[in-house]
Trainee: 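First the structure, then my questions, so here it is.
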Amino acid sequence: MSAEAVILLGAPGAGKGTMAEGIREAGNFIHVSTGDMLREAVKAGTPLGREAESFMSKGMLVPDETILKIVRERLSHGGAEAHYLFDGFPRTLAQARGLDAELSASGVTLKTVLLLDVPPALSVQRLTGRRICRQCGANYHVQNIPPRRAGVCDVCGGELYQRLDDRRETILKRLEVFQEQTAGLIAYYHERGQLQRVDSSGPREATVAEIIKRLQ
Ligand code: AP5
């Protein structure tokens with residue numbers, strides 16, 4: 001078996017993180033979420049975190065070079081048979097080209113790009129209701145996927161919090177940034193015959209099952 005990669009592409013709130021959680025085991029994937037990596041750096045107060053926070057809090061993208069550096073570092077630990085699941089990366093044409101170069105240098109085949117499709121109004125509904133566990137990172141939604149006890153994680157009992165960039169005005173900015181800087185990747189991968197559209201507006205279990213089917 002050789003190393004390969006799958007990209008989850010989609011607007012904020014399309015369900016990239018939720019789907020990654022659902023399919024990770026089925027594909028034995030190494031989940032590479034640039035958003036999670038940046039949030040960890042922010043939490044740890046590293047120089048990367050301080051740089052990233054100034055962009056993330058405004059709903060803007062972190063510079064391409066910074067992102068490519070952290071992804072390169074992650075790829076260097078993968079091994080010859082790794083299966084990567086990219087979530088929230090690439091997000092610009094420069095990142096997509098940088099990823100192409102990294103994958104070919106490390107002998108990793110890009111298997112497919114799954115575009116998770118949701119209407120913008122649904123993104124807003126999902127993001128305003130999203131809650132995350134401070135301790136284990138589990139992801140909930142106050143209406144769609146509620147925890148058994150409000151504010152408490154079902155998995156580890158940790159406290160649930162709302163991301164700073166999940167405030168309505170920042171969500172609208174992130175959706176605008178997606179249209180301006182990321183949506184162009186749909187044509188980029190479509191022209192290369194690598195894009196598959198997945199309707200991500202239905203229930204979580206149905207979308208997870210559909211993705212697993214597509215990956216087989
Ligand atoms: P990042 O963390 O990547 O955020 P995002 O792309 O905006 O995506 P989200 O995490 O908000 O949404 P998602 O699609 O994962 O949805 P989720 O599954 O959580 O990036 C954050 C910031 O970091 C960026 O703004 C940027 O500043 C920076 N950054 C990151 N990567 C970068 C890069 N490559 N380049 C430059 N900057 C970068 O679902 C949302 C909610 O909906 C949840 O509550 C969930 O429970 C619910 N839900 C999901 N699916 C369903 C369903 N099927 N049914 C019902 N509810 C559902």
Side-chain angles (χ1 to χ4, degrees), residues 7-24 31-43 48-49 51-72 74 85-96 98-99 114-133 137-147 153-154 160-167 170-183 185 198-211:
I7 294 173
L8 294 180
L9 182 64
K16 301 180 295 297
T18 304
M19 293 307 127
E21 230 174 86
I23 67 174
R24 194 161 39 188
H31 180 200
V32 182
S33 160
T34 43
D36 286 350
M37 289 155 86
L38 294 170
R39 277 184 290 278
E40 273 162 30
V42 170
K43 199 169 157 195
L48 165 67
E51 181 199 357
E53 192 173 25
S54 63
F55 295 96
M56 294 169 83
S57 61
K58 299 188 195 88
M60 289 159 62
L61 295 186
V62 173
D64 291 333
E65 259 323 301
T66 306
I67 296 293
L68 284 166
K69 198 168 144 199
I70 61 172
V71 171
R72 211 172 282 138
R74 180 63 60 97
L85 182 61
F86 292 109
D87 155 4
F89 171 83
R91 258 176 149 99
T92 63
L93 209 49
Q95 290 182 20
L99 178 64
L114 297 164
L115 171 64
L116 304 185
D117 231 356
V118 291
L122 186 55
S123 282
V124 175
Q125 188 269 354
R126 284 181 175 178
L127 294 179
T128 47
R130 172 166 58 189
R131 299 294 182 272
I132 298 164
C133 175
N139 190 329
Y140 298 87
H141 187 282
V142 289
Q143 286 144 2
N144 308 353
I145 306 172
C153 178
D154 292 347
L160 302 186
Y161 78 102
Q162 183 169 30
R163 264 169 51 174
L164 272 179
D165 61 351
D166 278 348
R167 283 184 292 221
T170 318
I171 292 170
L172 296 178
K173 176 70 187 168
R174 286 160 60 203
L175 288 169
E176 195 184 303
V177 166
F178 175 80
Q179 281 309 326
E180 287 171 4
Q181 300 188 53
T182 308
L185 295 185
V198 177
D199 178 2
S200 188
S201 58
R204 173 174 61 174
E205 292 69 24
T207 314
V208 167
E210 175 61 24
I211 292 178

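All figures in this text were calculated on a predicted structure; none of them were measured in a lab. Counting starts at 1 for both ligands and their atoms, in listed order.
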Trainee: Run the side-chain contact (heavy atoms from CB on, under 4.5 Å) check on Gln181 and Arg91 step by step: do they pass?
Mentor: CA-CA 7 Å; Gln181 300 188 53; Arg91 258 176 149 99; over 6 Å; no
Trainee: The criterion is side chain to side chain contact (heavy atoms under 4.5 Å, CB included); which residues satisfy it with Ser200, sequence neighbours excluded?
Mentor: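 Ser200 satisfies side chain to side chain contact (heavy atoms under 4.5 Å, CB included) with Leu116, Val118, Arg126, Thr207 once adjacent residues are dropped.
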Trainee: Working to the nearest 0.5 Å, report the span between CD1 of Ile132 and CZ of Arg39.
Mentor: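 So the gap between those two atoms works out to 6.0 Å.
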Trainee: Using heavy atoms and a cut-off under 4.0 Å, could you grab the residues that are in contact with ligand 1, chain by chain, numbers ascending?
Mentor: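 The 4.0 Å shell around ligand 1 contains Ala11, Pro12, Gly13, Ala14, Gly15, Lys16, Gly17, Thr18, Thr34, Gly35, Leu38, Arg39, Met56, Met60, Leu61, Val62, Ile67, Gly88, Phe89, Arg91, Gln95, Arg126, Leu127, Arg130, Asn139, Tyr140, His141, Asn144, Ile145, Arg163, Asp165, Arg174, Gly202, Pro203, Arg204.
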Trainee: Determine whether a donor-acceptor pair (N or O, by modelled atom type, separation under 3.5 Å) exists between the side chain of Lys173 and the backbone of Lys58.
Mentor: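 Side chain of Lys173 to backbone of Lys58, a donor-acceptor pair under 3.5 Å: no, none is there.
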Trainee: So do the side chains of Val32 and Phe89 get within less than 4.5 Å of each other, counting heavy atoms only?
Mentor: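 Counting from C-beta outward, Val32 and Phe89 never come under 4.5 Å.
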Trainee: So, are Lys43 and Asp36 salt-bridged, with charged N and O less than 4.0 Å apart?
Mentor: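 Not counted as a salt bridge, because no side-chain N and carboxylate O are separated by less than 4.0 Å.
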